[in-house]
Amino acid sequence: MPELPEVETTCHGIAPHLLNQTIVKVLVHQTKLRWPVPAELATELCGTAVQDVTRRAKYILLRFPHGTMLIHLGMSGSLRLCKPYMPRAKHEHIEWYLTSGQVLRLNDPRRFGAVLWAADDPYQHKLLKHLGPEPLGDVFDAEYLYHVTRQRKGAIKTFIMDSKQVVGVGNIYASEALFRAGIHPARAAGSLSRERSARLVQAIKEVLQEAIAQGGTTLRDFTNSEGKPGYFAQALRVYGRSNEPCLTCGSTIKQKILGQRSTYYCPRCQR
DNA sequence: AGAGGTACCTGGCAGC
DNA sequence: TGCTGCCAGGTACCTC
């Protein structure tokens, strides 16, 4: 579930419920996420208030007076606001009790997600420090993409999924953006012209913005912070459509593995 | 430096 | 019904 639009949707959904709320209690039921959940999380947060809720790449940042909590949803994570009397669901590993009477719960079946603590500037944290520009920001433009892809022989799809180059482009939206830009996913990144770089940047921004506007993708079970599904799944043009007709030209959508990830494309529209 | 592979983990599904 | 094998939206880290 969590690609950038899902994380943005989650962030947006939880922010009003968390801002200025004091943490009453933290319960960590499972410390084994991608990295061990730091012990100070359960102690240091109590009695302090959430000052800000922001996002950097796919990390959700909750700022407190004395540090920042980083939450990554990994491959299967979700955050949900509940009433304390609602029974804890399977895989709800961490609970943050708020003065409002609500509880924020982290559910993550595959446990690829992470909850970390940054006492100092979170942007200097090891995991955030080397991230590339935000895909929806001004830094990520045609000239940038053209410049950083020069001499690169690897596939363009793998390149745009590399968070050191640009963050937030996951497997689904990489396929979708390349389809919209008419670029074959296996094409060498360095072979893109200025014009095609511009088209790809535009397509990435569009596909992400549309998905955010519609509340994220529904694949198997994505639900936003209120438990409602996203509605972008129906807008996917190539992802998950192998052997179905291309919506533009009618050719058969192909699937191949690139960088160990399933990739979908139209062999006629994408060159 | 860049490219490619591996690891972390559970659940759902197809096929037998 | 139950087993096995495969696949899944991320990404840090390792080796070549």
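Chain identifiers are assigned alphabetically (A, B, ...) following the order of the sequence lines, protein sequences preceding nucleic acid strands; residue numbering begins at 1 within each chain.
In this model, the phosphate group of C/dG9 is not approached by any side-chain N or O of A/Tyr173 to a distance below 4.0 Å at OP1 or OP2.
Under 3.5 Å, the side chains of A/Gln214 and A/Glu210 contain no donor-acceptor pair of N or O atoms. Checking A/Asn107 against A/Ser78 by side-chain atom types alone, no donor-acceptor pair falls below 3.5 Å.
Rounded to an integer number of Å, the gap from A/Met75 CE to C/dC7 P is 13 Å.
A stacked arrangement is not assigned to A/Phe112 and the six-membered base ring of C/dT11, the conditions of a centre distance below 5.5 Å and an interplanar angle below 30° not being jointly met.
Contacts between residues 115-135 of chain A and DNA chain C, defined by a heavy-atom separation below 4.0 Å, involve A/Lys126, A/Leu127, listed by number. Of the residues in residues 151-161 of chain A, not one places a heavy atom less than 4.0 Å from an atom of DNA chain C.
Between the P atoms of C/dC3 and B/dC9, the separation comes to 23 Å (whole Å). Taking the P atoms as reference points, C/dC7 lies 15 Å from B/dG5, given to the whole Å.
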Under 3.5 Å, which donor-acceptor pairs link side chains of residues 129-138 of chain A to any protein atom two or more places apart or in another chain?
unit_1	atom_1	unit_2	atom_2	d
A/Glu134	OE1	A/Arg55	NH1	3.0
A/Glu134	OE1	A/Arg55	NH2	3.3
A/Glu134	OE2	A/Arg56	NH1	2.9
A/Glu134	OE2	A/Ala57	N	2.7

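Listed by first and then second residue, the salt bridge (Lys or Arg N to Asp or Glu O under 4.0 Å) pairs that reach into residues 82-96 of chain A are A/Glu92-A/Arg105, A/Glu95-A/Arg105, sequence neighbours excluded. Residue pairs meeting the salt bridge (Lys or Arg N to Asp or Glu O under 4.0 Å) criterion with at least one partner in residues 256-265 of chain A, sequence neighbours excluded, do not occur; the list is empty. Residue pairs meeting the salt bridge (Lys or Arg N to Asp or Glu O under 4.0 Å) criterion with at least one member in residues 152-172 of chain A, sequence neighbours excluded: A/Asp162-A/Lys164. Residue pairs meeting the salt bridge (Lys or Arg N to Asp or Glu O under 4.0 Å) criterion with at least one partner in residues 24-45 of chain A, sequence neighbours excluded, are absent. Pairs engaging residues 135-164 of chain A under the ring pair (Phe, Tyr, Trp, His ring centres under 6.0 Å) rule: none recorded [sequence neighbours left out].
Counting any heavy atom pair closer than 4.0 Å across all strands shown, A/Arg111 reaches sugar-phosphate atoms only and no base atom.
As a member of the Ile/Leu/Val/Met/Phe/Trp/Tyr network built from side-chain separations under 4.5 Å, A/Val24 groups with A/Leu27, A/Tyr97, A/Val103. Hydrophobic side-chain contacts under 4.5 Å tie A/Tyr265 to no other Ile, Leu, Val, Met, Phe, Trp or Tyr residue.
Applying the salt bridge (Lys or Arg N to Asp or Glu O under 4.0 Å) criterion to A/Arg194, with sequence neighbours excluded, gives A/Glu143.
For B/dC9, the base has a donor-acceptor partner in the side chain of A/Arg110 [N/O atoms by modelled type, under 3.5 angstrom].
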Problem set entry | Pair assignment for DNA chain B - dot-bracket with | for other-strand partners, Watson-Crick or G-U under 3.5 Å | .|||||||.|||||||

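Across B/dC8, C/dG9, B/dT6, the shortest atom-to-atom separation from the side chain of A/Asn171 is found for C/dG9. Distance from the side chain of A/Lys58 is smallest to C/dT11 among C/dG9, C/dT11, B/dG11.
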